[in-house]
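For reference, the structure is listed below as structure tokens.
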Amino acid sequence: MTTHETDTWKTAESGDEHELTTDVQWFTGSPQTHRVTRAIAQYGPIARTTLAQLLGLSQGALSRITSDLIYEGVIEELPGDTTEQGRLPQGFIPKESREKRGRPQTNLRLRAGERTFLGINIHGSEVSIVAVDALCRPVGPCRTVTLESTKPQDVAATIGTAIRKYRSDVTPSPVAVGLSFGGHAEDDRYVTYAPFLHWDGRVDAAGAIEQTGGLPTAVFNDLDSLLLYESWFGAGIGVRRFAVVTIGAGVGYSLAEDGMPVDYPDKSYGLAGHILVDPEGPRCYAGHTGCSQCLTNDSLAEEYSGMVGHMVTFDQFAADAQEGTAQARQLLNRLCFRLGVLVSTVANFAMPSKVLISGESSFLAKMNQESIRSGINWYRPSQAATVDFEILDFSWESWAKAAAARAIARYIG
């Protein structure tokens, strides 16, 4: 999919930024009102008494807030005989309510179908786009378009065309776009570092896509987006602190605390990309021996080429590993052990309750979880608790949904 609408592109430096007048928040209200809505989105369906205890609010205050939210069409009550409940935070045990002797408790949930959002993820030379409701459930198929150029203006034009074509098929019409990529974004708008796109300088990516696509747009780091998605809608719901480690074209790491990515200005710059995982491993492009770069696709292809005596691609290595070829299985064992060492390092320093593993190469990790465990134990004190890790099912659709999750969180406020 290509387009020639590059004349609408504006850079941050030009001073000529396009602004949409569309409201970028679902409703206006006090900070507590937004806090209540976030909790219902994350932990709902949830009873009022439980919600009040969770947030430390009086029953009266919570009743007033939820009544306003019901009136505004943001949340709804489930029928009294509905048993559906969400997951609550680790260690939180609701106290018995006196109201249980009176009328039955009704659970509250977000009116998810009232709003839709578009999530977009840029990966390599492709862009995946999906439409979701306010609970990040797909309301349409994931579509992928190819970038014929990674120049900022061409990327904005291609994505804008994809948005306009996709939004016409979605009901209700999307209200906002979340875009994720590998790199660093400022103010949910400006891209200042995009190593896989080879962008230079400070680019108003959100402004460009708003112009070409016609919807309010926010731009985020892809790993932080995945982290928030798992916190609100996935494997991290209710987990007080968890980490995500990704392997693929690069190595990623991020940490969530109380349902939000831990904020640190330099975290998008690949801080986990050169941690030692194998003193006898291959040398990376920066001259380090056995750093976590050996978990990347390019490094695995190079290492496997050396083992078989001729040049092979990462895909060939992965296919051989799945078929059980001896040399490929040997490298797979090393990969999983090294990944375990990285997980152990994360667990020892960040002390999360859980570590999630993802990325386009994470399917290889599922093939030998025992070696991951061995790698974890190699650098983990024997008295320490077992590290709880989970390998997520990877798809580019899931990363596009993660971008939409950031847009949802921003829209709720």
Interatomic distance, OG@S254 vs CG@L226, rounded to 0.5 Å, equals 9.0 Å

Contacts satisfying salt bridge (Lys or Arg N to Asp or Glu O under 4.0 Å) that involve residues 272-285 (not counting sequence neighbours) are D278-R338

Below 4.5 Å, heavy atoms only, C-beta onward: do L255 and F242 meet side chain to side chain? no

(message) Is there a salt bridge (Lys or Arg N to Asp or Glu O under 4.0 Å) between R111 and E77? Walk through the geometry before answering.
(response) CA-CA 9 Å; R111 293 191 64 175; E77 288 184 315; over 6 Å; no

Looking only at heavy atoms, the pair that brings V130 and A400 closest together is CG1-CB, 3.7 Å

#### Entry: Check against side chain to side chain donor-acceptor pair (under 3.5 Å), S128 and N121
CA-CA 5 Å; S128 294; N121 176 254; 5.7 Å; no

- Item | Distance flag, aromatic centroids of H34 and F27, threshold under 6.0 Å | yes

**Item:** Near-ring test H184/F220, centroid separation under 6.0 angstrom
**Value:** no

CD (Q369) with more than 12 external heavy atoms under 6.0 Å: yes

Side chains of D222 and S180: do they bring a donor and an acceptor to under 3.5 Å?
no

One should read off an interatomic distance between R48 CZ and I65 CD1, to the nearest 0.5 angstrom, of 12.0 Å

Note, S398 side chain near Y229 side chain (heavy atom, < 4.5 Å): no

- [ ] May I ask you to test the V155-I122 pair for a side-chain heavy-atom distance under 4.5 Å?
- [x] yes

Closest non-hydrogen contact found for A328 with F317 is O-CE1, 3.5 Å

Report task. Taking the side chain as every heavy atom from C-beta outward, state whether V245 and L339 have any atom pair closer than 4.5 Å. Result -> yes

- Query: Can you say whether the rings of H123 and W396 are parallel (under 30°), tilted (30 to 60°) or perpendicular (over 60°)?
  - Reply: parallel

Discussion item. Could you check whether atom CZ of F349 has more than 12 heavy atoms from other residues, nucleotides or ligands sitting under 6.0 Å from it?
Written reply: no

Residue set satisfying side-chain hydrogen bond (donor to acceptor under 3.5 Å, both in side chains) with E370, at least two apart, ordered chain then number -> none

Contacts of D258 meeting side-chain hydrogen bond (donor to acceptor under 3.5 Å, both in side chains) (sequence neighbours excluded), chain-then-number -> R240

Stepwise side chain to side chain contact (heavy atoms under 4.5 Å, CB included) test for L69 and T33: CA-CA 8 Å; L69 290 171; T33 303; 3.7 Å; yes

Quiz item: Does a side-chain heavy-atom distance below 4.5 Å link V132 with T116?
Solution: no

Taking every heavy atom of V175 against every heavy atom of P216, the minimum-distance pair comes out as O-CD, 3.5 Å

Heavy-atom nearest pair, A243 first then V346, reads CB-CG1, 3.7 Å

By side-chain contact (heavy atoms from CB on, under 4.5 Å), A47 pairs with (sequence neighbours left out) T49, T50, Q105, N107

Sorted by chain and residue number, the side-chain hydrogen bond (donor to acceptor under 3.5 Å, both in side chains) partners of T345 (sequence neighbours excluded) come out as none

Ring pair (Phe, Tyr, Trp, His ring centres under 6.0 Å) pairs touching residues 147-171, sequence neighbours excluded, are none

Notebook entry, point to check: Between D204 and R189, is there a salt bridge with N-O shorter than 4.0 Å?
Noted result: yes

### Query
So do the side chains of L215 and I163 get within less than 4.5 Å of each other, counting heavy atoms only?
yes

By side-chain contact (heavy atoms from CB on, under 4.5 Å), A194 pairs with (sequence neighbours left out) F181, V191, L197, W199

Practice problem: Please answer whether the main-chain N or O of A61 pairs with a side-chain N or O of S58 as donor and acceptor at a distance below 3.5 Å. | Solution: yes

The complete set of salt bridge (Lys or Arg N to Asp or Glu O under 4.0 Å) pairs with one or both residues in residues 388-401, sequence neighbours excluded, reads K354-E390, K366-D393

*Evaluate side chain to side chain contact (heavy atoms under 4.5 Å, CB included) for L276 paired with H288, printing each intermediate quantity in order.*
CA-CA 8 Å; L276 179 66; H288 309 131; over 6 Å; no

Heavy-atom closest pair (L356 atom, A235 atom, distance to 0.1 Å) is CD2-CB, 4.1 Å

Sequence neighbours excluded, the answer for side-chain contact (heavy atoms from CB on, under 4.5 Å) partners of D169 is R143

Next item on the list: Evaluate side chain to side chain donor-acceptor pair (under 3.5 Å) for D320 paired with Y304, printing each intermediate quantity in order.
Entry: CA-CA 10 Å; D320 287 353; Y304 189 54; 2.7 Å; yes

For D200, I'd like to know if atom CG has over 12 heavy atoms of other residues, nucleotides or ligands within 6.0 Å. no

On a heavy-atom basis, the closest approach of A134 and L110 is O-CD2, 3.6 Å

Salt bridge (Lys or Arg N to Asp or Glu O under 4.0 Å) filter on R241, not counting sequence neighbours, yields E257

CH2 of W399 to CD of E360, rounded to nearest 0.5 Å, is 7.0 Å

For S371, the side-chain contact (heavy atoms from CB on, under 4.5 Å) test, sequence neighbours excluded, returns N333, C336, N368

Interatomic distance, CG@L108 vs CG@L62, rounded to 0.5 Å, equals 7.5 Å

*asked:* Using modelled atom types and a 3.5 Å cut-off, is there a donor and acceptor pairing between side-chain atoms of R202 and backbone atoms of Y193?
replied: no

Checklist entry - Would a 4.5 Å heavy-atom cut-off, applied to side chains only, mark V145 and I129 as touching? => result no

Please test I70 against E76 for side chain to side chain contact (heavy atoms under 4.5 Å, CB included), starting from the C-alpha separation and ending with a verdict. CA-CA 6 Å; I70 290 172; E76 62 184 350; 5.9 Å; no

Kindly indicate, with the supporting measurements, whether the criterion side chain to side chain contact (heavy atoms under 4.5 Å, CB included) is fulfilled by D224 and R406. CA-CA 9 Å; D224 276 353; R406 293 297 300 270; 3.5 Å; yes

With sequence neighbours left out, the residues meeting side-chain hydrogen bond (donor to acceptor under 3.5 Å, both in side chains) with E126 are none

Check: Can we call the ring centroids of F117 and Y411 under 6.0 Å apart?
Finding: yes

Distance col, row L88:CG vs I237:CD1, nearest 0.5 angstrom, shows 10.5 Å

To the nearest 0.5 Å, atom OG1 of T37 lies from atom CD of Q32 at 10.5 Å

| Does R334 use its side chain to pair, donor to acceptor, with the backbone of R329 at less than 3.5 Å? | no

request  = Return yes if some donor-acceptor pair links the side-chain N/O of D154 with the main-chain N/O of T150 below 3.5 Å, else return no.
outcome  = no

For residues Q85 and Y43, determine if any side-chain heavy atom of one lies less than 4.5 Å from a side-chain heavy atom of the other. no

